[in-house]
Amino acid sequence: MSKGITAWVLGWLLVLAFGITAVHAADLTYTQPLQNVTQSLTGQGITSDTYFVKEDYWDVQQAKLIFHYQVSQLADQRTSDITVVLNGVKFASFRPKNAAGLQTETIQIPLRLLAGSNHLQFMGQVLTTAAGTAQRVQTPANWLTVYPESNVNFVYALKPPEPAIRSFYAHFSGMDTISNGLSGIAVPQGPRNAELTAATYALAGYSRVMTNEQDQVPIAPLGTADLTKRVYQIVIARADRLPASLRGSISQTELAKGAVIRTVYRGGTYYLVLTARTDALLIKAARFAANQELMTQTRAAEKTITAATPTYSSSLQDNNGHYQLTAAGTQLTGAGRQSAAYFVRLPMDQTNAAGSQVRLTFRYAQNLDFARSLVTVYINDTPIGSQHLRRTAANQATLALNIPAKLAVGDAITVRVAFDLALAGSGSQDNDQTPWAYVAPQSELFVRTKPVTDQLFSNYPSLFLKNNRFNQIAIVRPRTMTPSDFATLTNIVNLLGNFAKSNTGEVVYYTGQPAAAVLANHNVIAFGTTRANSYIHALQPHLYFQFNKTETGFVSNEKLSIEAAYGRTLGAAQLLRSPVNKNHVVLVVTGGTPQAAYLGSTQINFQKNISQHAGDLIAVDSDNQLCNYRFKKTASPTAPKSPVKRLLKRSSLVIFLTVAAVIFIVLAVLVVLLLRKYGRQSGKGREE
């Protein structure tokens with residue numbers, strides 16, 4: 001009996017041990033950098049806003065904030081403090097060490113406070129010490145720097161996807177899924193152009209909502225090595241080209257009605273099948289899959305798409321230049337400098353023009369020292385104007401500030417509104433919460449834009465976009481695509497998708513020389529080698545880096561001397577002015593081999609890479625050495641205006657010159673008349 005009890009106890013211990021081991025083995029970790037981290041804060045009362053996301057399919061077991069920061073070396077450890085606020089709830093406070101250099105604070109986040117999208121704030125005061133006494137007078141020495149390495153670390157278990165399409169979408173596009181290389185888009189071996197078009201729309205749709213800055217979702221043929229370990233796959237194929245293992249799961253009755261989108265889970269792999277009997281319906285289904293709103297709303301496991309199904313993205317950007325800064329209003333409290341930052345995205349193909357304004361509607365406390373209190377507005381950290389706060393306007397104040405037309409803002413604008421809320425009397429009230437300011441929802445950024453036409457990589461990929469959608473893009477691909485060609489295509493589409501905020505617009509694939517009408521009306525992207533892509537072969541005289549006689553590598557040119565063997569390892573992305581229509585561009589990604597051509601695409605795949613290049617040619621060798629050149633003498637295709645046209649454009653100058661000319665003519669006539677009159681009189685005098 002004793003032996004039986006011992007065995008029973010040992011058995012349960014083993015079960016418990018294996019159970020605990022299984023739980024821990026299932027635990028996953030994901031470290032997410034904080035978004036929109038403010039780099040540096042000055043003032044006794046500091047507030048920093050940042051954000052992070054928790055995926056809905058995570059069963060979170062632990063969440064930790066890893067806070068990397070630095071404070072003034074003069075900070076007083078006894079009186080300085082920082083409080084952490086999550087979604088409006090304060091849950092932790094600490095005092096920074098009175099030390100120089102980087103400091104790290106690890107803080108457990110209460111799981112009950114976590115939401116899908118999380119607003120994290122750092123609030124507190126940094127007081128400095130002088131002569132052994134904490135100084136409550138605000139000086140530049142009161143500062144805190146938050147480093148972008150700050151992050152939130154999750155420990156979690158996965159909730160498996162449900163059959164619903166929206167559940168697959170959440171898992172497929174999840175931060176951890178993409179970061180771990182578990183998502184992919186599959187097309188048939190030897191894909192048709194319509195299948196690649198559909199895959200492009202689908203990949204662009206996921207790229208535009210991805211927060212992963214250094215990860216991609218690849219396009220690759222079914223069953224290839226690049227998809228082997230990717231457990232979440234979107235399969236895009238005509239119905240007659242689906243693999244047998246998936247064809248039986250698709251309802252032929254539904255296929256007769258239109259395109260079908262269906263989840264199929266088997267063998268540890270989760271598939272979302274997009275298929276149709278016609279190319280047009282297959283592309284229509286891909287536009288549906290590229291629409292985040294539609295995919296997150298679809299609870300069924302199967303969706304039929306007909307020609308009448310609306311699939312276009314909502315036009316959130318169609319606001320005639322008016323961008324609301326805050327939907328719910330922003331409350332700022334505390335003495336000293338308090339600020340709020342707002343982020344506005346502009347269409348990629350537009351930039352700031354004369355007439356743009358920041359229009360604020362705000363309120364503030366009446367117990368301020370109005371001689372020292374003011375509001376300042378910054379655009380991308382450049383101040384554009386300030387105004388003193390007045391007691392008479394405390395309950396309803398407005399401020400309109402012009403944005404300088406020459407201020408370069410790119411496709412993203414940060415508007416920062418900073419209030420200096422000074423209290424009357426001594427600094428003893430500096431930690432009081434009674435001084436406040438409120439930015440009302442009526443506040444807006446009005447942007448008058450003008451098209452950007454410079455045909456340089458500093459303007460890529462906006463040259464291929466119009467109003468945030470694909471702008472008549474023709475992609476000329478190799479007739480037979482290698483794994484390197486698919487990798488090149490993935491790089492090209494990934495960045496295009498990042499900036500295409502809508503699933504509309506046109507992308508068409510070609511495998512040979514496109515017709516003259518296509519070239520005249522489309523922006524063209526061509527990739528691969530000259531031997532596999534006849535269009536690139538035909539462009540040889542127009543290339544900035546040209547090929548040798550055997551077309552196996554680049555030869556020397558006016559920018560770079562190229563040794564023969566080195567030229568065979570070099571890949572290039574060249575942004576040409578279209579030989580057919582100067583207002584369009586041709587992007588050529590090529591090299592002597594498909595692997596070399598792929599190297600040419602490695603600098604046009606992510607925003608962080610393309611932002612380093614301002615010319616019209618990027619060359620990359622096998623050691624990842626980069627060359628960046630400009631060949632075009634004139635970046636814009638617009639012909640320079642003649643001196644007469646430039647003069648006529650300046651209406652005020654024309655009016656001035658016209659008035660001056662009239663005055664000159666009148667004076668000349670008067671002089672002539674006077675000369676004639678007095679000439680006659682002098683003649684008569686001589687006769688007498």
Side-chain angles (χ1 to χ4, degrees), residues 26-30 32 52-61 63 111 114-118 154-186 198-199 201-212 215-218 222 227 229-237 242 245-246 248-251 254 258-275 284-305 309-311 313-314 497 503:
D27 288 349
L28 302 171
T29 62
Y30 185 77
Q32 181 181 168
F52 67 92
V53 176
K54 177 188 75 69
E55 299 289 2
D56 291 338
Y57 57 84
W58 290 354
D59 182 7
V60 178
Q61 299 164 10
L111 300 184
L114 289 174
S117 179
N118 297 275
F154 291 97
V155 178
Y156 64 98
L158 279 179
K159 301 174 185 176
E162 300 171 1
I165 289 174
R166 71 173 190 173
S167 180
F168 173 90
Y169 181 89
H171 282 73
F172 182 93
S173 57
M175 299 175 295
D176 56 329
T177 309
I178 295 172
S179 180
N180 293 324
L182 301 178
S183 296
I185 296 177
Y201 287 128
L203 176 55
Y206 286 95
S207 296
R208 73 173 61 99
V209 299
M210 282 170 47
T211 58
N212 306 56
D215 300 302
Q216 291 177 319
V217 175
L222 271 163
L227 295 176
K229 295 182 180 180
R230 299 183 184 271
V231 297
Y232 300 95
Q233 297 185 25
I234 297 178
V235 179
I236 299 176
L242 276 174
S245 59
L246 296 174
S249 303
I250 306 302
S251 168
E254 295 300 319
V260 172
I261 302 176
R262 180 174 178 78
T263 56
V264 180
Y265 301 163
R266 57 180 54 169
T269 302
Y270 304 93
Y271 299 101
L272 181 71
V273 180
L274 275 65
T275 189
K284 183 88 171 180
R287 289 189 189 272
F288 187 99
N291 188 316
Q292 181 187 30
E293 294 166 311
L294 295 177
M295 291 293 283
T296 55
Q297 294 166 9
T298 306
R299 298 172 180 269
E302 183 174 301
K303 175 72 177 178
T304 301
I305 309 296
T309 304
T311 60
S313 301
S314 60
N503 67 345

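Side-chain atoms of D59 do not come within 3.5 Å of backbone N or O of A157 as any donor-acceptor pair. In terms of modelled atom types and a separation under 3.5 Å, the side chain of T263 and the main chain of P163 share a donor-acceptor contact. Side-chain atoms of T177 do not come within 3.5 Å of backbone N or O of L182 as any donor-acceptor pair. Looking only at distances, no side-chain donor or acceptor of R208 sits under 3.5 Å from a matching main-chain atom of Q292.
Residues passing the side chain to side chain contact (heavy atoms under 4.5 Å, CB included) test with D56, sequence neighbours excluded: none. Judged as a ring-ring contact (aromatic ring centres under 6.0 Å, His included), and not counting sequence neighbours, the contacts of Y206 are Y169, F172. For E162, the salt bridge (Lys or Arg N to Asp or Glu O under 4.0 Å) criterion is met by no residue, not counting sequence neighbours. Partners of Y57 according to the ring-ring contact (aromatic ring centres under 6.0 Å, His included) rule, which considers only residues two or more places apart in sequence or in another chain, are H171. F154 meets the ring-ring contact (aromatic ring centres under 6.0 Å, His included) test with W58; sequence neighbours excluded.
Listed by first and then second residue, the side chain to side chain donor-acceptor pair (under 3.5 Å) pairs that reach into residues 265-274 are S249-R266, sequence neighbours excluded.
Taking 4.5 Å as the limit, every side-chain heavy atom of V217 sits out of range of all side-chain heavy atoms of R230. The shortest distance between side-chain heavy atoms of L294 and K303 does not fall below 4.5 Å. N291 has its side chain out of reach of T311: every pair of non-hydrogen atoms, C-beta onward, lies at least 4.5 Å apart. Here the side chains of M295 and V209 are not in contact, with every heavy-atom distance at 4.5 Å or above. Side chains of R299 and R166 form a contact here, defined as non-hydrogen atoms less than 4.5 Å apart. Side-chain contact between L114 and F52 is present, with heavy atoms from C-beta onward closer than 4.5 Å. For the pair N180 and Y30, the minimum side-chain heavy-atom distance is 4.5 Å or more. Annotation: side chain of L158 is in contact with side chain of D176 (closest heavy-atom distance under 4.5 Å).
Put simply, OG1 on T296 and CD1 on I165 are 11.5 Å apart, with the number rounded to the nearest 0.5 Å. Separation of atoms CG (L272) and OH (Y232) is listed at 13.0 Å; rounding is to 0.5 Å. I305 contributes atom CD1, which lies 8.5 Å from atom NZ of K284 (distance to the nearest 0.5 angstrom). The OG1 atom of T29 lies 11.0 Å from the CD atom of Q61; values are rounded to the nearest 0.5 Å. To the nearest 0.5 Å, atoms NZ (K54) and CG (L111) are separated by 9.5 Å. In this structure, CE on M175 lies 4.0 Å from CD on Q32, to the nearest 0.5 angstrom.
Within a 6.0 Å sphere centred on NZ of K229, other residues, nucleotides and ligands contribute 12 heavy atoms or fewer.
Residue A290 comes nearest to N503 through the heavy atom pair CB-CB, 4.0 Å, listed as atom of the first residue, atom of the second, then distance. The two residues I236 and A202 come nearest to each other via the heavy atoms CD1-CB, 3.9 Å. A pairwise comparison of heavy atoms in I178 and M210 identifies CD1-CG, 3.5 Å as the closest pair. Shortest non-hydrogen contact noted between L242 and A237 is CD2-CB, 4.0 Å. Shown here for A285 and I261, the closest heavy-atom pair between the two residues is O-CD1, 3.7 Å. Of all non-hydrogen atoms in S179 and D215, the two that sit nearest each other are CA-OD2, 3.6 Å.
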